[in-house]
Amino acid sequence: MVMCSQMIFRARQFEFEFPRPCIVMGVVNVTPDSFSDGGRFLEPGAAVAHAEELVRQGAEIIDVGGESTRPQAVPVSEAEELRRVIPVITELARRGDTPVSIDTMKPGVAWAALQAGASIVNDVGANREDNAMWRLVAETGAGYIAMHMQGTPATMQIRPVYQDVAREVREFFEECLRRCAAAGMAPEQVALDPGIGFGKSMEHNLQLLAALGSFKRLARPLLIGVSRKSFLGKVCGSGGMERLPAALACTALAAEAGAVIFRTHDVAETVQALRMTEAIMAARK
Ligand code: 9MG
């Protein structure tokens with residue numbers, strides 16, 4: 001077991017108490033245009049069946065999204081996003097005891113998803129100006145994933161600039177934790193995610209992954225999502241579906257540095273990589 005510091009991540013009726021084995025969050029994109037699985041799970045039955053398969057493979061959280069966040073993705077209306085995700089979330093919440101997270105930047109979608117039984121809001125737009133999303137999370141007791149992004153999906157990869165990406169992301173988290181608390185959230189509701197690939201060059205992503213240990217001082221669970229992302233291909237020169245070994249290398253090193261939640265399309269492989277990493281870490285004197 002990876003011995004990270006003692007922490008609780010609370011998401012409505014669910015509670016994850018650390019130290020404990022790393023958590024794998026399986027991705028279910030109910031979108032026509034997500035970069036690796038777009039169009040595969042648009043029909044609610046297919047999305048639910050896929051989620052159930054990911055749970056069988058070891059996912060402990062299912063992340064359901066109805067709007068692609070890949071660079072330059074076309075934004076969708078709230079009505080369309082709701083039409084895509086609510087039937088899936090309703091069915092998953094009715095069937096199982098696996099927490100469902102809603103991947104959305106829209107407070108209205110988060111509200112409806114929480115009404116339908118979701119327990120976590122995965123907010124890739126945590127760089128927000130108003131606090132409606134945070135007040136909603138505070139009122140409902142949901143878990144909240146605060147992800148760092150420079151810009152928006154439409155602009156983020158145009159020319160990301162940082163002086164010191166790890167320091168700037170840490171400062172963003174400190175400010176975000178303050179603003180979440182001011183909106184009424186308990187610290188136990190929040191997990192932090194540096195947002196690999198969101199407004200970052202390949203070099204920024206590598207610098208962030210190399211500096212993950214420095215995020216432990218924030219004393220909140222750290223989530224990492226590298227699954228199938230293009231920087232893996234840039235480093236290794238490999239195409240779309242051939243990036244899994246590169247993602248698993250990032251996963252093992254991130255777990256060693258203290259990350260505890262891993263968002264991935266490739267659940268079985270990620271679970272295996274984590275169990276191996278944890279076994280080696282446990283064998284250290
Ligand atoms: C929706 N989405 C795509 N990539 C992601 C990542 O790295 N983290 C989180 N929290 N969400 C993501």
Side-chain angles (χ1 to χ4, degrees), residues 9 11 22-31 33-38 41 47 51 54 59-73 75-76 81 84-85 88-89 99-106 109-110 113 118-128 133 137 142-154 156-157 160 165 169 172-173 176 180 189-200 202 204-206 208-209 212 215 220-232 243 246-247 250-251 254-255 259-267 270:
F9 179 51
C22 292
I23 297 165
V24 171
M25 171 193 248
V27 177
V28 177
N29 285 321
V30 194
T31 54
D33 57 341
S34 288
F35 71 99
S36 79
D37 55 359
F41 310 116
L54 297 183
E60 292 186 79
I61 300 172
I62 293 294
D63 191 37
V64 178
E67 178 175 48
S68 172
T69 51
R70 69 179 164 74
Q72 285 147 34
V76 298
E81 206 178 322
R84 292 176 186 175
V85 297
V88 179
I89 291 172
V100 176
S101 103
I102 171 67
D103 155 22
T104 188
M105 293 186 277
K106 300 186 182 79
V109 174
S119 320
I120 300 171
V121 176
N122 176 19
D123 186 8
V124 305
N127 54 344
R128 50 186 63 253
M133 185 71 106
V137 174
Y144 180 69
I145 297 162
M147 199 201 77
H148 177 273
M149 167 164 56
Q150 190 177 86
T152 65
M156 64 187 183
Q157 290 309 111
V165 66
V169 172
F172 166 78
F173 286 151
C176 192
C180 288
Q189 288 175 265
V190 187
L192 303 173
D193 179 348
I196 299 296
F198 283 82
K200 281 119 192 156
M202 179 187 81
H204 295 140
N205 292 323
L206 295 175
L208 270 174
L209 288 167
L212 286 184
F215 290 85
R220 296 308 312 139
L222 196 61
L223 186 152
I224 295 295
V226 293
S227 184
R228 301 183 183 175
K229 290 191 178 170
S230 62
F231 84 103
L232 302 169
R243 297 171 186 163
C250 299
T251 297
V260 292
I261 309 176
F262 292 83
R263 182 182 182 279
T264 183
H265 304 78
D266 301 299
V267 168
T270 302

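In each ligand, atom 1 is the first atom listed, and ligand 1 is the first ligand listed.
From Met25, atom CE reaches atom CD1 of Ile61 across 5.0 Å, with rounding to the nearest 0.5 Å. Annotation: the span from Thr270 atom OG1 to Ile224 atom CD1 amounts to 13.0 Å, rounded to 0.5 Å.
Of the candidates Val260, Ile120, Val190, Leu223, Ile120 is the only one forming a side-chain contact (heavy atoms from CB on, under 4.5 Å) with Phe9.
At a threshold of 4.5 Å between non-hydrogen side-chain atoms, the residues Tyr144 and Met133 count as touching. Side-chain contact check for Met105 versus Pro153: some heavy-atom pair is nearer than 4.5 Å.
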Check each N or O atom of ligand 1 against all protein N or O atoms and list the pairs under 3.5 Å, with atom names and distances to 0.1 Å, one per line.
{"unit_1": "ligand 1", "atom_1": "2 (N)", "unit_2": "Arg263", "atom_2": "NH1", "d": "3.4"}
{"unit_1": "ligand 1", "atom_1": "4 (N)", "unit_2": "Lys229", "atom_2": "NZ", "d": "3.1"}
{"unit_1": "ligand 1", "atom_1": "4 (N)", "unit_2": "Arg263", "atom_2": "NH1", "d": "3.4"}
{"unit_1": "ligand 1", "atom_1": "7 (O)", "unit_2": "Gly225", "atom_2": "O", "d": "3.3"}
{"unit_1": "ligand 1", "atom_1": "7 (O)", "unit_2": "Lys229", "atom_2": "NZ", "d": "2.6"}
{"unit_1": "ligand 1", "atom_1": "8 (N)", "unit_2": "Asp193", "atom_2": "OD2", "d": "2.5"}
{"unit_1": "ligand 1", "atom_1": "10 (N)", "unit_2": "Asn122", "atom_2": "OD1", "d": "2.8"}
{"unit_1": "ligand 1", "atom_1": "10 (N)", "unit_2": "Asp193", "atom_2": "OD2", "d": "2.7"}
{"unit_1": "ligand 1", "atom_1": "11 (N)", "unit_2": "Asn122", "atom_2": "ND2", "d": "3.1"}

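Salt-bridge annotation for Asp123 and Arg128: present, with a side-chain N of the basic residue lying under 4.0 Å from a carboxylate O of the acidic one.
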